[in-house]
Protein chains: 2
Amino acid sequence: MRIGELAERTGVSVRALRYYEEQRLLAAERSGSGQRRYADNAVGRVKLIQQLYAAGISSASILEMLPCVVTGVAAPEVLAKLRGHRSSVVKQIEELQETLQQLDTVIAGATKAYTTGVPCPPG
Amino acid sequence: MRIGELAERTGVSVRALRYYEEQRLLAAERSGSGQRRYADNAVGRVKLIQQLYAAGISSASILEMLPCVVTGVAAPEVLAKLRGHRSSVVKQIEELQETLQQLDTVIAGATKAYTTGVPCPPG
DNA sequence: GCTACCTCTGACGTCAACGTCAGGTTTCTA
DNA sequence: TAGAAACCTGACGTTGACGTCAGAGGTAGC
């Protein structure tokens, strides 16, 4: 498929896909005229990249771990980094759960208070 | 306390604290010579700010919700935004949990494969 | 009162993941 | 075989949360 279709199917922009290629995260065949052609599995690859980005992992780290994700094999150093990222993700989840509780407390309190008290000025 | 102590007690930089003030997220009294003086509860406030930042909430949104967190009262519009942020945090958590599973799969597979197979080149 | 450290304002620098624009080529559709 | 739509390669712009540096003034221990 061409880049526009991949963009549509993954929900990321064309520019982002070119950027991934620049970062060597996503390869593409080229047609005779130089247009990018992607295989079907590129969709999954792009979604994986997005997921890792969302976890706060940098291009460089993703680049490092991608072949391992694909082949299922990793050298000890890479494995150590993977474990590092794993624990960072765990920590992020824990912190977000705390934040969620805070938000819930505020929402619950504010909802109740507003039915009886003075509102907090918006803006 | 002065800004250096607050920085040390919260683990954020002096520059960040000044930035929070710029964004009107954190107020400070001033000494006669113009130095910032913070009350003890500033520690909690800074940690809250960090938590909200970590949830991907912008300065503007934090500014909007802070008085509500403090007073426990919110106008309906603000409340709606709070709920919006809440669901965004929930979504983030879900996505991170997916990512965690992916990482676990990779780590498990790679650990096993490495004991028997070919390593993935590091770097 | 000396000295070492802390703090001030202002202003430019940084970094990552793209957005956007320009100017030209390719591909699809009628 | 038009012409619209998609694609190409640069290359500069953007945004947020700070980092960093300069030059000047404040503070605390001895």
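Source: prediction; values computed, not measured. Here is how names work: the chains are called A, B, and so on, in the same order as the sequence lines, proteins then strands, and each is numbered from 1.
- Contact annotation: B:S58 does not reach the phosphate of D:dG16 (side-chain N/O to OP1 or OP2, under 4.0 Å).
- Using a 4.0 Å cutoff to heavy atoms of chain B, the contacted part of DNA chain C runs 5' to 3' from C:dC6 to C:dA11.
- Judged by distance alone, with hydrogens and angles left aside, the side-chain atoms of A:Q92 form a donor-acceptor pair with the main-chain N or O of A:A55 at under 3.5 Å.
- Put simply, CD on A:E5 is 12 Å from P on D:dA6, counting in whole angstrom units.
- Within the 4.5 Å cutoff, the side chain of A:L66 has heavy atoms near those of the A:L48 side chain.
- By the 4.5 Å heavy-atom criterion applied to side chains, A:I107 and A:T111 are counted as neighbours.
- Between B:I62 atom CD1 and D:dA17 atom C1' there is a gap of 11 Å when expressed in whole angstrom units.
- For the pair B:S88 (side chain) and B:G84 (backbone), a donor-acceptor distance under 3.5 Å is absent.
- Counting any heavy atom pair closer than 4.0 Å across all strands shown, A:R18 reaches a base atom.
- Straight-line distance from the CG atom of A:L17 to the C1' atom of D:dC8: 14 Å, rounded to whole Å.
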- Query: Which parts of nucleotides 22-30 of chain D does protein reach within less than 4.0 Å, heavy atoms only, written one letter per nucleotide 5' to 3' as B for base, S for sugar-phosphate only and - for none?
  - Reply: ----SS---
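- With salt bridges taken as basic N to acidic carboxylate O contacts below 4.0 Å, none links B:R18 and B:E22.
- Residue A:R15 places none of its side-chain N or O atoms closer than 4.0 Å to OP1 or OP2 of D:dC12.
- Atom C1' of nucleotide D:dC7 and atom CD of A:E29 are separated by 17 Å, given to the nearest angstrom.
- A donor and an acceptor atom, one from each side chain of B:S59 and B:Y53, are located under 3.5 Å apart.
- Hydrophobic clustering (ILVMFWY, side-chain heavy atoms < 4.5 Å, transitive): B:L52 and B:L63 are in one cluster.
- Under the 3.5 Å distance criterion, with hydrogens and angles disregarded, a donor-acceptor pair is assigned to the side chains of B:E98 and A:Q51.
- In this structure, A:Y19 places its OH atom 18 Å from P of D:dT14, rounding to the nearest Å.
- If you take CG of A:L6 and P of D:dA6, they are 15 Å apart, rounded to a whole angstrom.
- Where B:V14 and A:G4 meet DNA chain D, the nucleotide closest to each residue was compared, and A:G4 sits on the side nearer the 5' end.
- Across the interface with DNA chain D, nearest-nucleotide mapping of A:R30 and B:Y53 shows A:R30 to be the residue nearer the 5′ end.
- Side chains of B:Q35 and B:R2: a donor on one and an acceptor on the other come within 3.5 Å.
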